[in-house]
Amino acid sequence: MTAEALPAPALSYGRLLPVSVHFDDLDALGMLHNARYPLLVERAWTEFWQEHGVRFDGDWATAGDACNVVKELLISYEAPVTRSGTYAVHLWLERLGSTGLTYGFRFCSPDGATTYAQGTRVLVRLDAATLRPTPWSETFRAVGQELLRPAG
């Protein structure tokens, strides 16, 4: 028997990507450990950008837009995750600047209806040789434009 993929929920902005919570992601109280939320969000972003050709293959000199660092991370925990299984991360961009961006995220149920945690993260694109801010590529910016959350 083969399982059919559920249709993606309708989102007015951003993307919803599935993530897996494993038994060893839970803490001694049986809840998803607070440090795992950012890790699972990072994995969702990595998958998204790899779909668009942005990846780190071990060489910073050729990493391009994957050569970036976190400047700030804010997260609010809304409800506990108390079991392993499939969840989702809703991803979007709040701001896309010339050398930096702010992305928003929600760690949520697979259908996007229940939010367990939400937050923002600020990234800065770096030149691999100087480690100074440098502009995102035009290809990266074009993909990023599609993820921008509408003002309002």
Side-chain angles (χ1 to χ4, degrees), residues 5-56 60 63-128 131-137 139-152:
L6 296 174
L11 298 173
S12 61
Y13 60 91
R15 285 270 312 270
L16 194 65
L17 284 100
V19 294
S20 294
V21 171
H22 300 276
F23 175 77
D24 60 353
D25 292 320
L26 306 178
D27 65 14
L29 297 175
M31 293 186 281
L32 182 59
H33 190 281
N34 68 85
R36 296 294 192 179
Y37 290 85
L39 175 70
L40 292 166
V41 170
E42 179 70 18
R43 288 178 180 164
W45 272 115
T46 299
E47 180 181 328
F48 173 82
W49 284 112
Q50 285 182 348
E51 288 174 7
H52 297 283
V54 177
R55 66 180 36 89
F56 176 69
W60 287 115
D65 293 306
C67 185
N68 59 68
V69 293
V70 176
K71 181 176 180 182
E72 177 181 273
L73 172 65
L74 299 171
I75 188 167
S76 174
Y77 302 96
E78 307 298 334
V81 170
T82 58
R83 60 184 50 187
S84 58
T86 301
Y87 293 85
V89 177
H90 178 195
L91 307 170
W92 68 89
L93 291 182
E94 291 284 342
R95 181 189 65 82
L96 180 58
S98 61
T99 63
L101 61 80
T102 302
Y103 71 69
F105 63 89
R106 289 186 317 116
F107 189 89
C108 53
S109 56
D111 64 0
T114 303
T115 299
Y116 299 101
Q118 59 187 332
T120 59
R121 187 166 164 180
V122 177
L123 296 181
V124 177
R125 163 85 157 84
L126 297 180
D127 176 275
L131 298 182
R132 301 292 305 155
T134 194
W136 302 107
S137 71
T139 302
F140 183 95
R141 292 184 62 72
V143 172
Q145 291 290 330
E146 298 174 16
L147 286 179
L148 279 172
R149 182 179 187 170

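Note that the coordinates shown come from a computational prediction; the quantities given were computed from them, not determined experimentally. Residue numbers run from 1 in the order of the sequence given. Excluded from the calculations below are hydrogen atoms, water molecules and symmetry mates; all remaining heavy atoms, backbone and side chain alike, are included.
With a 4.5 Å cut-off on side-chain heavy atoms, Ile75 and Phe105 count as touching. Residues Val41 and Tyr103 are in side-chain contact: their nearest non-hydrogen atoms beyond the backbone lie under 4.5 Å apart. In this structure, Phe48 and Gln50 have side chains that are not in contact, with every pair of non-hydrogen atoms separated by 4.5 Å or more. Looking at Leu40 and Val21, their side chains come closer than 4.5 Å, going by heavy atoms from C-beta outward. Taking the side chain as every heavy atom from C-beta outward, Leu96 and Gln145 approach each other to under 4.5 Å. In this structure the side chain of Tyr116 never reaches within 4.5 angstrom of the side chain of Glu78, judged on heavy atoms. Between Pro135 and Thr99, some side-chain heavy-atom pair lies under the 4.5 Å cut-off.
The closest donor-acceptor contact from the side chain of Asn68 to the backbone of Leu126 lies at 3.5 Å or more, if one exists at all. Checking side-chain atoms of Arg106 against main-chain N and O of Val89 turns up no donor-acceptor pair under 3.5 Å.
With 3.5 Å as the limit, one finds no donor-acceptor pair spanning the side chains of Trp45 and Glu47. For the residue pair Arg125/Thr134, the side-chain donor-acceptor check at 3.5 Å is not satisfied.
Expressed to the nearest 0.5 Å, how far CG of Leu123 lies from CG of Leu93 amounts to 9.0 Å. Atom CG of Leu74 and atom OG1 of Thr102 lie 9.5 Å apart (nearest 0.5 Å). From Leu91, atom CG reaches atom CG of Leu11 across 10.0 Å, with rounding to the nearest 0.5 Å. Between the OH atom of Tyr87 and the CG atom of Leu16 there is a distance of 14.0 Å, given to the nearest 0.5 Å. A distance of 6.5 Å separates CG in Leu131 from SG in Cys67, rounded to the nearest 0.5 Å. Atoms NE2 and OG1, on His90 and Thr115 in that order, are 9.5 Å from each other to the nearest 0.5 Å.
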Please determine whether side-chain contact (heavy atoms from CB on, under 4.5 Å) holds for the pair Val70 and Arg121, giving the CA-CA distance in whole Å, both sets of side-chain angles, and the decisive distance to 0.1 Å. CA-CA 7 Å; Val70 176; Arg121 187 166 164 180; 2.7 Å; yes
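Under 4.0 Å is where a charged nitrogen must lie from a carboxylate oxygen, and between Arg36 and Asp25 at least one such pair does. Between Glu51 and Arg15 there is a salt bridge, since at least one side-chain N of the basic residue sits less than 4.0 Å from a carboxylate O of the acidic one.
For the pair Ser84 and His22, the tightest heavy-atom approach, listed with the atom from each and the gap, is CB-C, 3.8 Å. Considering all non-hydrogen atoms of both residues, Gly14 and Leu147 come closest at CA-CD2, 4.0 Å. Residue Ser109 comes nearest to Ala88 through the heavy atom pair O-CB, 3.6 Å, listed as atom of the first residue, atom of the second, then distance.
Ring orientation note: the planes of Trp49 and His52 are nearly perpendicular, at an angle over 60° on the 30°/60° scale. Between Tyr77 and Tyr37, the ring planes lie perpendicular to each other; the angle is over 60°, past the 30° to 60° tilted range. Ring geometry, Phe140 versus Trp136: the interplanar angle falls under 30°, so the pair is classed parallel (tilted spans 30 to 60°).
Within 6.0 Å of CZ on Arg55 lie more than 12 heavy atoms contributed by other residues, nucleotides or ligands.
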